[in-house]
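Each ligand, and each atom within it, is numbered from 1 in the order the structure gives. Fair warning: this is a prediction, and the values are worked out from it, not measured in the lab. Reckoned from all heavy atoms, side chains included, excluding hydrogens, waters and symmetry mates.
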Amino acid sequence: MERTPIVETPEHAGEEVLIRGWVDIRRDHGKLVFLDVRDRSGKVQLVILPGTDAAVSVSDVRSEYAVEIEGLVKERPERMRNPDLATGSVEIEAKTLRVLGKPSVELPIDVSQLDLGVNLDTLLNHRTLALRNVKVRAIFSIYSELLRSYDEAMRGGGFVEIKTPKILGSATEGGANFFKIKYFDRDAFLAQSPQFYKQAAMSAFERVFEIGTVFRAEPHFTTRHVNEYTGLDAEMGFIDGMETIMAELERTMKHIFRNIGEACEAELALYGESVPDEVAIPRISLSETADILRAEYGKELEGYDIDAEGERMICEYVKKTFGSDLVFLTRYPTKLRPFYSMPSSDDPSFTETFDLLFRGVEIASGGQRIHEAEMLTDNIRMFGLDPEDFGDYIDIFRYGAPPHGGWGLGSERIVQKLLGLGSIKEAVLYPRDVKRLTP
Ligand code: AMO
């Protein structure tokens with residue numbers, strides 16, 4: 001008999017089916033045994049009657065056994081239906097039950113509960129098992145839809161997908177947040193962004209995107225940093241200015257949220273969350289932001305350096321004033337942005353750069369880049385760096401490059417804020433932080 005996905009069992013009422021899945025939970029009622037069995041499509045209740053073949057083989061079956069069952073799909077009386085389950089209208093009367101795989105240890109956590117009720121460390125220590133929990137799985141179903149939608153939005157905009165090297169001969173953007181590794185008989189560095197390579201690829205393909213691993217040696221213990229994350233990057237040429245880039249990112253975010261809203265309704269409902277309303281994303285300059293924070297919250301932005309609290313405040317203000325969960329903050333001071341950022345033509349102490357904030361947290365950084373070799377060389381010097389160390393990078397512009405720019409978007413932060421997760425680590429399958437390298 002062919003396997004029937006559990007979610008389709010109601011279509012087979014009155015027929016025999018074969019299902020495979022994990023035992024979620026076992027309940028014994030006198031001589032009757034009930035099993036909730038789940039597969040990747042859903043969950044259904046099984047009843048095992050005394051005297052059947054299944055009654056013999058079910059004797060030692062417990063939670064998380066992998067099983068195969070043949071049985072009769074029976075309609076349940078109206079009053080006994082479970083409206084929360086797609087399969088709540090049926091029950092399967094098992095005839096045979098075969099154990100395909102079984103736990104050989106006491107399970108450290110009970111994954112059949114809707115809420116696991118364990119702290120973050122326990123959750124991550126038992127990650128592989130925790131992933132079987134319905135709410136934990138929902139995070140990664142949404143994550144999967146996010147990756148697919150980003151890809152779709154980018155291709156739809158004429159962007160070519162690229163993969164850039166993650167083992168580098170020098171630290172990409174300077175700074176101290178890179179990991180040094182042994183590379184045969186010399187040192188190498190793990191890429192802390194695809195920045196230079198995506199600009200190089202832009203100079204040939206005009207529009208490129210990458211979904212890739214980013215390594216950051218940041219010794220932070222925060223709810224929004226991990227040391228390895230997945231960046232959603234883009235770079236585009238022939239722009240009119242940074243507005244072209246923001247418009248493209250806005251289109252992309254709307255596409256992502258629309259898709260997640262449609263494809264992941266059940267997963268969002270488990271968290272009582274929904275995707276942001278589709279309204280225009282406001283653009284507010286850092287100097288306007290400083291005025292707003294001073295007037296509304298009595299907070300001063302020293303040197304326009306906005307901290308996590310300021311980001312939360314401006315998001316709260318934008319939500320109540322414009323009804324938007326997202327906001328672009330623009331024109332960051334030159335000294336707070338990387339050396340490749342394009343200075344604003346009316347005031348070179350500011351740059352044509354932006355951050356995109358979502359529900360209180362920065363999810364993307366981007367901007368227009370310097371595309372002239374001479375200006376870039378001067379800027380590198382101005383930042384106290386040696387142009388000799390950036391020869392390959394400056395070459396991109398020696399060969400002729402158009403006005404361009406792009407963004408780096410943190411995938412895990414999007415999911416964290418979308419579901420209201422306490423820590424970004426809940427949105428990473430196997431997170432890496434200062435202390436954690438396993439599992
Ligand atoms: P930036 O360093 O701001 O910009 O990174 C871009 C986005 O990546 C995410 N992010 C992180 N997520 C999790 N853990 C971390 N430690 C972490 N650090 C950053 C954030 C952030 O907004 N090259 C530029 C981008 C560009 O201009 O194209 C860059 O890397 O969501």
Side-chain angles (χ1 to χ4, degrees), residues 143 146 150 154 159 162 164 166 168 171-179 190-202 207-237 239 242 244-246 248-249 252-253 256 305-306 308 311 315 326-330 332 336-342 351-371 393 404-418 421 423-429 431-434 436:
Y143 192 78
L146 164 68
Y150 185 73
M154 288 283 88
F159 288 75
I162 55 167
T164 64
K166 303 307 165 202
L168 308 179
T172 323
E173 300 189 30
N177 64 350
F178 52 81
F179 288 108
L190 294 180
Q192 82 248 74
S193 97
Q195 187 62 38
F196 298 171
Y197 292 98
K198 67 176 178 175
Q199 285 183 262
M202 175 288 304
R207 290 183 166 209
V208 294
F209 76 102
E210 175 165 18
I211 299 179
T213 306
V214 176
F215 301 95
R216 298 277 168 109
E218 291 158 333
H220 300 313
F221 290 93
T222 78
T223 56
R224 58 185 198 288
H225 289 92
V226 278
N227 297 104
E228 180 184 57
Y229 70 92
T230 299
L232 309 177
D233 275 81
E235 199 69 20
M236 55 197 288
I239 58 171
M242 73 168 164
T244 318
I245 310 164
M246 289 190 288
E248 201 61 25
L249 180 52
T252 302
M253 294 314 300
I256 288 171
D305 194 0
I306 189 163
E311 291 182 344
C315 282
L326 295 122
V327 59
F328 282 109
L329 300 188
T330 65
Y332 280 72
L336 297 178
R337 298 301 269 207
F339 65 82
Y340 53 75
S341 309
M342 180 65 95
T351 53
E352 295 300 292
T353 61
F354 60 82
D355 275 6
L356 178 63
L357 275 49
F358 173 43
R359 296 183 181 166
V361 164
E362 172 204 322
I363 56 165
S365 269
Q368 181 167 355
R369 332 292 187 187
I370 296 172
H371 62 278
Y393 179 53
H404 69 280
W407 66 75
L409 178 62
S411 61
E412 297 87 351
R413 286 190 188 177
I414 302 175
V415 175
Q416 180 195 1
K417 298 318 287 182
L418 185 58
L421 304 176
S423 167
I424 188 174
K425 290 171 203 169
E426 290 186 59
V428 185
L429 203 57
R432 297 292 176 247
D433 65 21
V434 180
R436 184 175 291 281

Exercise for the section: Indicate the atoms forming the closest heavy-atom contact of Lys425 with Asp433, along with that distance. Expected result: NZ-OD2, 2.8 Å

Practice task
Could you tell me whether Tyr229 approaches ligand 1 through its side chain, its backbone, both or neither, with non-hydrogen atoms closer than 4.0 Å?
Solution key: side chain

Practice task
Taking Ser341 for its side chain and Arg337 for its backbone only, find out whether a donor-acceptor pair lies under 3.5 Å.
Solution key: no

Handout entry: Under-4.0 Å heavy-atom contact with ligand 1, by part of Arg369 that carries it
Key = side chain

Problem - Polar contact flag for Val226 and ligand 1 (N/O pairs, less than 3.5 Å) - result: yes

Practice task
Check the pair Tyr229, Ser411 against side chain to side chain donor-acceptor pair (under 3.5 Å), reporting the backbone distance first and the verdict last.
Solution key: CA-CA 8 Å; Tyr229 70 92; Ser411 61; over 6 Å; no

Exercise for the section: Looking only at distances, please establish whether an N/O atom of ligand 1 is found under 3.5 Å from an N/O atom of Glu362. Expected result: yes

Handout entry: Candidate with minimal heavy-atom separation from atom 1 (P) of ligand 1, of Gln199, Arg216, Gln416, Gln368
Key = Arg216

Exercise for the section: Number the atoms of ligand 1 from 1 as they appear, then name those within less than 4.0 Å of a heavy atom of Gly366, with their elements. Expected result: 27 (O)

Practice task
Give a yes/no on ligand 1: does Glu235 have at least one heavy atom closer than 4.0 angstrom to it?
Solution key: no

Exercise for the section: Please lay out, stage by stage, how Gln199 and Tyr393 fare under the test side chain to side chain donor-acceptor pair (under 3.5 Å). Expected result: CA-CA 9 Å; Gln199 285 183 262; Tyr393 179 53; 2.6 Å; yes

Exercise for the section: Applying side chain to side chain donor-acceptor pair (under 3.5 Å), run through Thr353 and Gln368 and close with a yes or a no. Expected result: CA-CA 6 Å; Thr353 61; Gln368 181 167 355; over 6 Å; no

Exercise for the section: Before accepting this row, confirm whether a basic side-chain N of the pair Lys417/Glu311 lies closer than 4.0 Å to the acidic partner's carboxylate O. Expected result: no

Practice task
Check side-chain contact (heavy atoms from CB on, under 4.5 Å) between Arg224 and all other residues, then give those that pass, not counting sequence neighbours.
Solution key: Thr222, Ala308, Val361, Arg413, Gln416

Practice task
Tell me, please, which residues at least two apart from Ala427 pass side-chain contact (heavy atoms from CB on, under 4.5 Å).
Solution key: Ile139, Glu412, Val415, Leu421

Problem - Distance-only N or O hit between ligand 1 and Ile424, under 3.5 Å - result: no

Practice task
Just jot down the ligand 1 atoms closer than 4.0 angstrom to any heavy atom of Ser365, in number order.
Solution key: 3 (O), 4 (O), 22 (O), 25 (C), 26 (C), 27 (O), 28 (O)

Problem - Close N or O approach (Ile363, ligand 1; < 3.5 Å) - result: yes

Exercise for the section: Please verify whether a non-hydrogen atom of Gly367 lies at under 4.0 Å from ligand 1. Expected result: no

Exercise for the section: State yes or no: are the ring centers of Phe215 and Phe179 separated by less than 6.0 Å? Expected result: no

Exercise for the section: Provide the number and element of each atom of ligand 1 under 4.0 Å from a heavy atom of Arg224. Expected result: 13 (C), 14 (N)

Handout entry: Those atoms of ligand 1 less than 4.0 Å from some heavy atom in Tyr340
Key = 23 (N), 24 (C)

Handout entry: Per-residue contact class, Phe215 against ligand 1 - non-hydrogen pairs under 4.0 Å
Key = neither

Problem - ligand 1 contact by Gly231, heavy-atom criterion under 4.0 angstrom - result: no

Problem - 4.0 Å heavy-atom contact, Lys198 with ligand 1 - result: yes

Exercise for the section: Kindly confirm or rule out an N or O of Gln195 lying under 3.5 angstrom from an N or O of ligand 1. Expected result: yes

Handout entry: Cation-pi geometry met for Arg369 and Tyr340 (6.0 Å, 45°)
Key = no

Handout entry: Any N/O pair Glu218/ligand 1 closer than 3.5 Å
Key = yes

Practice task
Measure from the side-chain N and O atoms of Thr164 to the backbone N and O of Tyr197, and report whether any donor-acceptor pair falls under 3.5 Å.
Solution key: no

